[in-house]
Peer 1: 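I am attaching a structure below and will ask some questions about it afterwards.
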2 protein chains.
Amino acid sequence: MKKTVHVFKALSEEIRLRIMALLEEGELCVCDLMAVLGLPQSTVSRHLAYLRHAGLVEGERRGMWMYYRLADRADGLAGELRLLLARCLPDLELIRQDRQALADYLARKDQDTCN
Amino acid sequence: MKKTVHVFKALSEEIRLRIMALLEEGELCVCDLMAVLGLPQSTVSRHLAYLRHAGLVEGERRGMWMYYRLADRADGLAGELRLLLARCLPDLELIRQDRQALADYLARKDQDTCN
DNA sequence: CCTGTATATCCGCATAAGCGGATAATATCA
DNA sequence: TGATATTATCCGCTTATGCGGATATACAGG
């Protein structure tokens, strides 16, 4: 029961819902999320840690970067909630804005790499 | 977005999840929930108010009693969450115990009425 | 009205949770 | 090893949340 409550708590915060929606687009590192959300690093890392402890997200270090993605083998509740979020979050204007900001950011990032 | 967060907050509390599971069995008044959960009246009423404000539950006064039930016309998110809870909550031992306690309580109640 | 019952709300208190700058830990590269 | 970049954690602070006794409100019956 504690675990169930913890999963719901993890999703009952605006920034964490926005992060979940962004990770739905694919894995991202902390600095990607900082740039798109416009939030300080400690805030982003803290929320990612919360989501990770709830089993909703998993991280993998590659070099200096920590890449986060939605947890693959999410058990019953977490898995169902992921599907639910995928259906319901795009209804929210702020979520759509974030996803557009992510697309813009990734385009800019790729372009810079070519310079 | 605030509404979405509010709905998740409503479900990220043990007592409120237990209440949701009990109301899945049918409408109940505050004193029924007090008896089954073994909690003081102010605590039960407060949690019911929280669930009501989140649109997950609705109440109807009949005489001296307020009967609460799961909200019928739950919109997108609330509706999806109700289905999800119906699937996932019975996995939890505490929830099954509560439902058994409810069944016992209702049986006793009916019997007393016949006296 | 007055009394008793059921429920909602108020209140002060204790704990939890979010914030973001500061610091520590980890990794890369010279 | 030293300098730099990325991320995690610590810290003090503020706000939010839950608690349950006390009080207020709503209703039924005399």
Side-chain angles (χ1 to χ4, degrees), chain A residues 1-20 22-23 27-54 56-69 94 105-106 109 112-113, chain B residues 1-20 22-23 27-54 56-69 94 105-106 109 112-113:
Chain A
M1 169 59 105
K2 277 203 180 128
K3 186 164 187 285
T4 301
V5 169
H6 198 220
V7 171
F8 277 109
K9 272 197 203 304
L11 297 176
S12 61
E13 216 278 344
E14 179 171 310
I15 295 174
R16 290 197 288 269
L17 284 180
R18 295 170 70 190
I19 290 176
M20 290 295 289
L22 289 173
L23 291 180
E27 68 176 9
L28 296 169
C29 67
V30 177
C31 52
D32 293 335
L33 289 167
M34 287 170 59
V36 173
L37 295 171
L39 291 170
Q41 181 262 322
S42 64
T43 297
V44 173
S45 279
R46 179 164 30 84
H47 284 300
L48 284 167
Y50 204 122
L51 290 169
R52 186 158 45 80
H53 290 143
L56 290 166
V57 147
E58 54 193 20
E60 181 194 353
R61 184 173 277 279
R62 287 210 293 279
M64 272 185 303
W65 293 269
M66 272 293 287
Y67 286 91
Y68 284 91
R69 57 178 167 272
L94 179 55
Y105 165 80
L106 289 178
K109 198 177 170 187
D112 289 353
T113 303
Chain B
M1 169 59 106
K2 279 206 178 122
K3 187 166 186 286
T4 302
V5 169
H6 198 220
V7 171
F8 277 109
K9 272 197 204 303
L11 296 176
S12 60
E13 215 277 344
E14 178 170 311
I15 295 172
R16 289 196 289 269
L17 284 179
R18 295 170 71 191
I19 290 176
M20 289 295 290
L22 289 173
L23 290 181
E27 68 175 11
L28 295 169
C29 67
V30 178
C31 52
D32 292 335
L33 289 167
M34 288 171 58
V36 174
L37 295 171
L39 291 171
Q41 181 262 322
S42 66
T43 296
V44 172
S45 278
R46 179 164 29 83
H47 285 300
L48 284 167
Y50 204 123
L51 290 169
R52 187 158 45 81
H53 291 142
L56 290 166
V57 147
E58 55 193 20
E60 181 193 355
R61 183 173 278 279
R62 287 209 294 278
M64 273 184 302
W65 295 269
M66 273 292 287
Y67 285 90
Y68 284 92
R69 55 176 166 273
L94 179 55
Y105 165 81
L106 291 177
K109 198 177 170 188
D112 289 355
T113 303

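From a predicted model like this one, the values you see are computed outputs, not experimental measurements. Basis for what follows: all heavy atoms, side chains included, without hydrogens, waters or symmetry-related copies.
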Peer 1: OP1 or OP2 of C:dG20 less than 4.0 angstrom from a side-chain nitrogen or oxygen of A:T43, does that happen here?
Peer 2: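 It does, given that an N or O in the side chain of A:T43 lies less than 4.0 Å from OP1 or OP2 of C:dG20.
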Peer 1: Go through C:dA27, C:dA8, C:dG21 for me and flag the one nearest to the A:S42 side chain.
Peer 2: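 Within the option list, the nearest is C:dG21.
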Peer 1: Roughly how many Å is it from CZ in A:R61 to C1' in D:dT6, rounded to a whole number?
Peer 2: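 After rounding, the reported distance stands at 7 Å.
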Peer 1: Quick check: on DNA chain D, is the nucleotide nearest B:Y50 upstream (toward 5') of the one nearest A:C29, or the reverse? Name the residue that is more 5'.
Peer 2: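 Final value for this comparison: A:C29.
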Peer 1: If I take atom CZ from residue A:R46 and atom CD1 from residue A:I15, how far apart are they, to the nearest 0.5 angstrom?
Peer 2: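 So the gap between those two atoms works out to 7.5 Å.
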Peer 1: Determine the contact category for A:I15: base if any of its heavy atoms lies under 4.0 Å from a base atom, sugar-phosphate if only primed atoms, P, OP1 or OP2 are that close, otherwise nothing.
Peer 2: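 Sugar-phosphate, backbone atoms only, no base.
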Peer 1: Which nucleotide, C:dA6, D:dT17, D:dA8, lies nearest any side-chain atom of B:K9?
Peer 2: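 Among C:dA6, D:dT17, D:dA8, the one nearest the side chain of B:K9 is D:dT17.
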Peer 1: Would you indicate which nucleotide in D:dT7, C:dC19, D:dG18 comes nearest to any side-chain atom of B:H47?
Peer 2: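 Selected nucleotide (nearest to the side chain): D:dG18.
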Peer 1: To the nearest 0.5 angstrom, please state how far the OH atom of A:Y105 sits from the CG atom of A:D32.
Peer 2: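 So the OH of A:Y105 and the CG of A:D32 are separated by 3.5 Å.
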Peer 1: From the options D:dA8, C:dA8, D:dG20, select the nucleotide whose nearest atom is closest to the side chain of A:Y68.
Peer 2: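 Nearest listed nucleotide: D:dA8.
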Peer 1: Return the value, rounded to whole Å, for the distance between atom NZ of B:K2 and atom C1' of D:dA16.
Peer 2: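 From B:K2 NZ to D:dA16 C1': 14 Å.
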Peer 1: Rounded to whole Å, please give me the gap between CD in A:E14 and P in D:dT15.
Peer 2: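 So the two atoms are 18 Å apart, to the nearest Å.
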Peer 1: Has B:R46 got a side-chain N or O lying under 4.0 Å from the OP1 or OP2 atom of C:dA8?
Peer 2: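 No, no such contact exists.
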Peer 1: Under the 3.5 angstrom rule, does the side chain of A:H53 hit a backbone N or O of A:A49 as a donor-acceptor pair?
Peer 2: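 Here the side-chain-to-backbone pair exists.
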Peer 1: Atom CD of B:E13 to atom P of D:dT17: distance rounded to whole Å?
Peer 2: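 Rounded to whole Å, this separation is 12 Å.
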Peer 1: To the side chain of B:S45, which of C:dT7, D:dA28, D:dG18 is closest?
Peer 2: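 So the side chain of B:S45 is nearest to C:dT7.
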Peer 1: For the residue pair A:L56 and A:L11, what are the closest heavy atoms and their distance?
Peer 2: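 Nearest pair, atom of A:L56 first, then A:L11: CD1-CD2, 3.7 Å.
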Peer 1: Does the C:dA6 base have a donor-acceptor partner in the side chain of B:Q41 within less than 3.5 Å?
Peer 2: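 Checked by distance alone, the answer is no.
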Peer 1: Can you tell me how far C1' of C:dG20 sits from CG of A:L48, to the nearest Å?
Peer 2: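 Rounding to the nearest Å, CG of A:L48 and C1' of C:dG20 are 16 Å apart.
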Peer 1: Let's see if you can work this out: which of C:dG4, D:dA8, D:dT6 has an atom nearest to the side-chain heavy atoms of B:M64?
Peer 2: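 Taking heavy atoms from C-beta onward, the closest nucleotide is C:dG4.
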Peer 1: Roughly, in whole Å, what's the span from CG in B:L39 to P in C:dA8?
Peer 2: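 Atom CG in B:L39 sits about 15 Å away from atom P in C:dA8.
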Peer 1: Considering non-hydrogen atoms only, spot the tightest contact between B:V30 and B:S45 and give its length.
Peer 2: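 It is CG1-OG, 3.9 Å.
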Peer 1: Using whole Å, what does the distance between atom C1' of nucleotide C:dT7 and atom CG of B:L28 come to?
Peer 2: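 Value for this atom pair: 15 Å.
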Peer 1: Of the nucleotides D:dG20, C:dG18, C:dT9, which one has an atom closest to the side chain of A:R16?
Peer 2: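 The closest nucleotide is C:dG18.
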Peer 1: Whole angstrom is fine here: how far is it from CG in B:D32 over to P in C:dT5?
Peer 2: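 Nearest whole value for this atom pair: 17 Å.
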Peer 1: When the nearest nucleotide of DNA chain C is assigned to B:W65 and to B:H53 on a heavy-atom basis, which residue is associated with the more 5' position?
Peer 2: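 Between the two, 5'-proximity favours B:W65.
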Peer 1: Are B:L37 and B:I19 side-chain neighbours, meaning at least one heavy-atom pair lies under 4.5 Å?
Peer 2: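 SC-SC contact between B:L37 and B:I19 confirmed.
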